[in-house]
Number of protein chains: 2
Amino acid sequence: MHVLILGGDGFCGWPTALHLSDRGHEVTIVDNLSRRAIDIELEAESVTPIRPIGERLRVWREVSGRDIGFVRLDLATEYERLAALLTDLRPDAVVHFAEQRAAPYSMRSVPAKRYTVDNNVRATHNLLVALVASGTDAALVHLGTMGVYGYGWSGSAPIPEGYLTVKVPTPDGDLERRILHPAHPGSVYHLTKTLDQLMFSFYAANDGLRITDLHQGIVWGTQTAQTVRDERLVNRFDYDGDYGTVLNRFLAQAAVGHPLTVHGTGGQTRAFIHLQDTVRCIEIALANPPAAGDRPKVFNQVTETHRVRDLAKLVSSLTGVATAHLPNPRKEAIENELRVSNDQFLALGLKPTSLSEGLLDECTNIAGRYRSRIDPRRIIARSVWRPGMETADDLLTDLPDAPPSRIA
Amino acid sequence: MHVLILGGDGFCGWPTALHLSDRGHEVTIVDNLSRRAIDIELEAESVTPIRPIGERLRVWREVSGRDIGFVRLDLATEYERLAALLTDLRPDAVVHFAEQRAAPYSMRSVPAKRYTVDNNVRATHNLLVALVASGTDAALVHLGTMGVYGYGWSGSAPIPEGYLTVKVPTPDGDLERRILHPAHPGSVYHLTKTLDQLMFSFYAANDGLRITDLHQGIVWGTQTAQTVRDERLVNRFDYDGDYGTVLNRFLAQAAVGHPLTVHGTGGQTRAFIHLQDTVRCIEIALANPPAAGDRPKVFNQVTETHRVRDLAKLVSSLTGVATAHLPNPRKEAIENELRVSNDQFLALGLKPTSLSEGLLDECTNIAGRYRSRIDPRRIIARSVWRPGMETADDLLTDLPDAPPSRIA
């Protein structure tokens, strides 16, 4: 199968490209390298020393004997080249990671809000139009987010996979309807994924496109069976306040001896998945597309849920670094429960990697090993959801138990 | 009250600007004149001889003694100018009509699909971001569409105003939830209005913007109490296959003696409202904004429903022109029922103008009076929802009862 990986130089895209190549698929990466440009903008590099895409591909050829193609292309602004590429390559499948994917980044400024919407909506819509116009009969797999559902909306019921059965009262009694789960995005980034969903529904219904949307939790873990085969294949590890996930923040802070900064009470419960499971899920989704004419298939791509303060405790117990609480820059519930259905992937053979198995490896072989590359001033989340939610600077510099000499 | 009318040179925008000016409000029109550019692209002008915006405003000053401001600005691409305008003018309210608004146009080609999404999403998102960034505390009223709801989805229950109460089954029994009505857009244009809704929900929740979304039916009628005061104030009447509504198509066909072309069985039921009622609804919505922190307020801006074949019969009975059936270029149900709740506007004092009262005036004083400006070749709908739905040319030229001499 020939698979295009849009955004194949990014955090999920790169290991997915290697995984599918390793399984014998023909792989072409399409990427505008925008994530590397944002590193420069934010003055914060991946903790792991990722190599340029050309070197990555040369090394992969050396270690695997397999070629991966690369096309530098901006989906949002180069429609004609995209349509020509589809016509030329006739891929069997397209995996779409090519969106700005950080919630804090999407809230940090006017340009970042506008870029997130303009880039993500246009990239997705251009892709859908180009698939139709070029007559490409490819299965499309898109990376969504658990953040489309919101938290605590469905009471004690687990969050279903994309669709929700509801009863609609009418004069003739209740009608049962299966609806797209109501959208409750918590940031401009999450908002774009809810917009994507509606575009997918329309193009599936109107044009028969075969689309799968994967509502992924927070990905943890840096490496996969392929990226560890040579250090020059290493995957990104983001630790900065915008792109670093909560777990990466804790790992980076522990590595430099800075207290683990918990937002609010840390009572937020979030869903997680290991990167190795992510690439397996993509493979499973590619093998099980919906039929033409079906509504988009939705999987919840998560394997476990954790409360943020429990994660902090876990990292603290592995590293001996204390925790500290900061005001929450996000507009969200202080505490929430979270139950998520992920039956489809389990039924299709996914064997999850648990956080308790893999976390020590992240502490030691990633954050610990490369800690000299961490700039402690970049770790704290600075983007705020509304003006007035900024964390006072004295809270950041006067944290309890902080060893000042290592905080620079 | 100072009101910005975004898209104030357009079909609904222009009469709204005059109506609000006439009521004593300070009005500034913001428009990029894109609708006039599309006239050139489609080679089909308004049947009524609309005047340039500068002349329109001069004449309005002559007949009313009132000034309306005008700023030529593209919302989708000139963010900085928009933000500066809001900071400068500090409007009390913003009415947002500035979107590509024709469903057939949005389906006609790759560029038209892309333009509709890029323009409409960016215009709306830029506006929301600019309102927040400039600290403008203005009530925002947006023109949505009844097309966000789909047809026949809620059985015998009338379509509610924006939100729907549903029961969500959980292990602890049914939870009652009031959700945004599930989206069922029938075209790329309608899709953009469903995307707008999600953006409105997010910015109302995160930033406290006060937003009203008006889900309007098909607007009929060309003139209002203000536009009739001088022929140079006349409003647009679109009759071409893309921008002309079904009723305008029948009126234009009747005026030139061409059979009224009904798509499919004509069993589609649609919601309608007279333009005079539209401008009153806008005024009512401006006077009744939601509070900051509330979810967007949604009104159904419709006053009556009609089946398409009944409309054809009505026009036929007024004009003596026969009807003809063509294959439907749209992907939609052959027949549908439609019941719509519009209680809010009625409770706030709207007195609807009925089709039976006003239609003859449209036949005589608009389509009939200006019939020499109608190019019969432009009337037929050519945009198709999917390849293969094109109407064969022989069906168009070989219609029963067509008087060939007048079809050019």
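A, B, ... follow the sequence lines: proteins, then strands. Residue 1 opens every chain.
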Go through it in stages, so that I can follow the logic: the residues are A:Arg122 and B:Val121, the test is side chain to side chain contact (heavy atoms under 4.5 Å, CB included), and I'd like the CA-CA distance, side-chain angles, deciding distance and then a yes or no.
CA-CA 9 Å; A:Arg122 288 198 290 173; B:Val121 170; over 6 Å; no
Among [options], which residue has the highest count of heavy-atom pairs closer than 4.5 Å to chain B?
{"options": "A:Met199, A:Lys113, A:His125", "answer": "A:His125"}
{"options": "A:Asp172, A:Asp207, A:Asp174, A:Val132", "answer": "A:Asp207"}
{"options": "A:Ala205, A:Pro171, A:Ala183", "answer": "A:Pro171"}

Contact origin within [X] toward chain A - heavy atom pairs under 4.5 Å:
{"X": "B:Ala130", "answer": "neither"}
{"X": "B:Ser201", "answer": "neither"}
{"X": "B:Leu198", "answer": "both"}
{"X": "B:Pro169", "answer": "both"}
{"X": "B:Leu195", "answer": "both"}
{"X": "B:Met107", "answer": "side chain"}

Can you confirm whether more than 12 heavy atoms, excluding those of A:Ile334, are under 6.0 Å from its CD1 atom?
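Check fails, neighbour count at 12 or below.
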Counting heavy-atom pairs under 4.5 Å to chain A, which of B:Gly208, B:Ser187, B:Ala83 comes out on top?
B:Ser187
[X] [atom1] to [Y] [atom2] distance, which is reported to the nearest 0.5 Å:
{"X": "B:Leu180", "Y": "A:His184", "atom1": "CG", "atom2": "NE2", "answer": "9.0 Å"}
{"X": "A:Phe202", "Y": "B:Lys331", "atom1": "CZ", "atom2": "NZ", "answer": "9.0 Å"}
{"X": "B:Thr194", "Y": "A:Gln197", "atom1": "OG1", "atom2": "CD", "answer": "11.0 Å"}
{"X": "B:Thr165", "Y": "A:Lys167", "atom1": "OG1", "atom2": "NZ", "answer": "14.5 Å"}
{"X": "A:Ser156", "Y": "B:Leu175", "atom1": "OG", "atom2": "CG", "answer": "7.0 Å"}

I'd like to know whether B:Ile179 forms a side chain to side chain contact (heavy atoms under 4.5 Å, CB included) with A:Trp153, so could you lay out the CA-CA distance, the side-chain angles of the two residues, the decisive distance to 0.1 Å, and finally the verdict.
CA-CA 11 Å; B:Ile179 64 171; A:Trp153 188 81; 3.4 Å; yes
Side-chain ([X]) to main-chain ([Y]) donor-acceptor, under 3.5 angstrom:
{"X": "B:Arg114", "Y": "A:Asn126", "result": "no"}
{"X": "A:Asn206", "Y": "B:Trp385", "result": "yes"}
{"X": "A:Arg177", "Y": "B:Val166", "result": "no"}

What verdict does the side chain to side chain contact (heavy atoms under 4.5 Å, CB included) test give for B:Tyr79 and A:Val110, after you've listed the backbone C-alpha separation in whole Å, the side-chain angles of each residue and the deciding distance to 0.1 Å?
CA-CA 10 Å; B:Tyr79 174 82; A:Val110 164; 3.5 Å; yes
